[in-house]
J.: 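Provided herewith is a single structure, encoded as structure tokens, for subsequent inquiry.
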Amino acid sequence: MTIAVREAPARPAEAAENVNDFAINVATANGSGSQTSNGVLVRALFKMGIPVTAKNLFPSNIQGLPTWYIIRLSKDGYTGRRETMEVQVCMNGRTVAEDMAQVAPGGIVLYDDSLPVAARRKDVTYYPMPVKELVKAADLPFALRDYVANMVYVGVLAHLLEIDLDEIEAALLWNFEGKPKPAKLNMDMVNRAFAWAEENLTKTDGFRVAPMTGFNEGKIMADGNTAAALGAIFGGMTVTSWYPITPASSLAENVSKYAPKLRTDPDTGQATYAVIQAEDELAAIGMVVGAGWAGARAMTSTSGPGMSLMAEFAGLAYFAEIPAVVWNVQRMGPSTGLPTRTAQPDILSAYYLSHGDCRHVVLFPANPAECFEFGATAFDLAERLQTLVLVLSDLDLGMNVHITEPFAYPEKPMDRGKVLNADEIKALNGSWGRYKDVDGDGIGYRTLPGTPNPAAAYFARGTGHNEYAVYSERSEDWEANLFRLRRKFDTARTLVPGPVVETDNDAEIGIISLGSNDGAVQEARSRLAAQGIATSYLRLRALPIGASVRDFIHSYSKVFVVEANFDGQLHNILTTEEPAQATKLFSLAKCDGLSLSARFIAEGVAAGIN
């Protein structure tokens, strides 16, 4: 089939070859079905062996507002956000002028030819796509036309960039879970667009992809929320109580999706878990704390506004010493903020959540494999320490797909902590103290409801109590309890996941960061090294900090603390923990709703040492 081209491509002066090292920005409207087409592109590129990452910038409404999907290809394996876009796909008339203007010099623009081209640049190549004509010629069901239309740009990109059509077809089959009819419907449109482009477009740019090896082998693609859900299930989750909130909802939804397959008793056919959608976040955390007291491995998932509502129950879990887990998939704040933009603004509030003298264990996964790992680790720590554990992911890690190591099955047994059974209580002659520090680590022994010994019972108190769980307003009992809780927190320093440290023996500069910033930090270190600036890097995986973090800070003349919030919250915590080192700790923080870029980090470090 031939459809006349309305405008011949404009060609820039030079078209240098660029293979597997550029970014594609697809501009569409929310709710138009572009998630499928974009996901197919990413999976096809991944299966070709190309290191690829994706960032979905979508609005907080249901349908209609602009959406951008940025796909970065990096032959060198860099996974952080790239600030420049070389390949622009324009499918949204509301943003077409702005989108075209943002293309890097020497880049290319693919656009629906029904959209206006406001200002034609001489340093950019333009490729029109007859989207409406191709869709009309395909004679699609009316309800599906707008969705399948996105496959036009998949087909045109496949021709221009030389993306393997077999991998696109395989990705469609994977997306539709092996159902041939919807996969064929979409693939037919890809083939139509590919054939049209092959016949009608003359490629005048240097961008293309090519199969490669050395990076993707043995790896998978996954999003952090799915990984966290699976990790919790494999880690022994028995209760999940949650209330919907962006960007955390899909974590609990994936628990509901996979638990029936993985946690149903094969003999009875009965579920060995419970998932409850609560009426609000207060009810969700209340159910989790109650279930944790009863001996369940209980968790909830939320984001910043929900965590704020959970503050009082967090204090109860801390002071009554009840195991509980909260996953906070962070987004922009304060208040409602930007619900669909990423940030790390809840580090301080999570660490000190609740009123009074209260500090919590906080974990920071950096990739989907760690989200899976921390799904079990959080439960182990919560039960070993008898406390609330918070896991801080973020929208970028939680909702976007990432190349990651396959998930490792948790081989070690679950750590239920110090739980007395009936025989052990009998051996103690029924005399034990729920909040008594027998071992010097600040952690008392607990019992579970239903333990068949009358002496097992105790009151779990959020009010003042002595070491035998007896109500007390005596000053010495209160203060003794706080000192014991501090000892327990110091014990936590030795139990939480240690940092990942990469040392350069020539470095005088240190970088500390956490979570999903890792890819950008790694690339920034390469940029700095190219400028002759050697750095060492510590990726913090948990609070409270331990000796290895203190040693790292002491080892360098300047240490830059890199994080995606406005006030430098991790920097504030580190200066509080290490006040004598405060003058060598420098905050490098940014909060604009986007994940950090290597450029921002490298330029910030370079400026800070001069």
Side-chain angles (χ1 to χ4, degrees), residues 235-236 288-289 291-299 313-326 351-354 356-363 374 376-391 412-425 427-428 430-449 451 453 455-470 472 476-498 542-547:
V288 167
V289 173
W293 171 80
R297 289 199 146 192
M299 60 169 279
F313 270 113
L316 173 63
Y318 174 83
F319 200 61
E321 300 181 61
I322 299 171
V325 172
V326 173
Y351 194 46
Y352 296 111
L353 187 63
S354 198
D357 293 301
C358 189
R359 285 182 294 173
H360 300 288
V361 171
V362 186
L363 307 183
F374 288 178
T377 300
F379 284 132
D380 283 349
L381 288 169
E383 294 206 288
R384 168 56 54 185
L385 293 165
Q386 302 171 17
T387 194
L388 173 66
V389 172
L390 298 107
V391 189
K412 68 177 184 177
M414 291 185 292
D415 184 356
R416 302 306 307 270
K418 300 181 180 183
V419 181
L420 294 173
N421 59 36
D423 290 338
E424 289 168 329
I425 296 172
L428 294 171
S431 177
W432 69 287
R434 170 64 184 91
Y435 300 111
K436 189 174 184 178
D437 185 5
V438 176
D439 303 317
D441 57 6
I443 306 170
Y445 284 79
R446 63 179 175 132
T447 59
L448 301 180
T451 302
N453 187 313
Y458 70 92
F459 282 104
R461 295 187 181 275
T463 53
H465 50 265
N466 65 17
E467 59 187 13
Y468 293 98
V470 175
S472 173
E476 54 268 33
D477 286 339
W478 182 268
E479 195 167 49
N481 213 23
L482 291 183
F483 276 115
R484 183 184 56 78
L485 288 169
R486 180 182 291 176
R487 285 197 302 277
K488 183 167 78 167
F489 200 66
D490 287 337
T491 298
R493 299 180 191 276
T494 68
L495 298 178
V496 298
L543 289 171
I545 66 170

J.: Please enumerate all residues that pass side chain to side chain contact (heavy atoms under 4.5 Å, CB included) together with T463, with sequence neighbours excluded.
T.: R461, Y471

J.: Looking only at side chains, do H465 and D477 share a donor and an acceptor under 3.5 Å apart?
T.: no

J.: Is any side-chain N of the basic residue among R487 and D490 closer than 4.0 Å to the acidic one's carboxylate O?
T.: no

J.: Of the non-hydrogen atoms in A291 and A298, which two are nearest, and what is the gap between them?
T.: CB-CB, 3.7 Å

J.: So how far is it from R446 CZ to Y435 OH, rounded to the nearest 0.5 Å?
T.: 11.0 Å

J.: What residues form a ring pair (Phe, Tyr, Trp, His ring centres under 6.0 Å) with F313, not counting sequence neighbours?
T.: none

J.: Only counting residues at least two apart or in another chain, list the ones meeting side chain to side chain contact (heavy atoms under 4.5 Å, CB included) with A378.
T.: V325, L363, V389, V391

J.: Does R434 reach the main-chain N or O of A469 with its side chain, forming a donor-acceptor pair under 3.5 Å?
T.: no

J.: Mind checking what makes ring pair (Phe, Tyr, Trp, His ring centres under 6.0 Å) contact with Y318, not counting sequence neighbours?
T.: H360

J.: Just by distance, do the side chain of E383 and the backbone of P323 share a donor-acceptor pair under 3.5 Å?
T.: no

J.: Measure the spacing between CD of E321 and NZ of K488 and express it to the nearest 0.5 Å.
T.: 3.5 Å

J.: Please check this pair: side chain of E479 against backbone of E476, looking for a donor-acceptor N/O pair closer than 3.5 Å.
T.: no

J.: Who are the side chain to side chain contact (heavy atoms under 4.5 Å, CB included) partners of T447, not counting sequence neighbours?
T.: L420, I425, W432, T451, A456, Y458

J.: Tell me, please, which residues at least two apart from D441 pass side chain to side chain contact (heavy atoms under 4.5 Å, CB included).
T.: K418, D437, D439, I443, T491

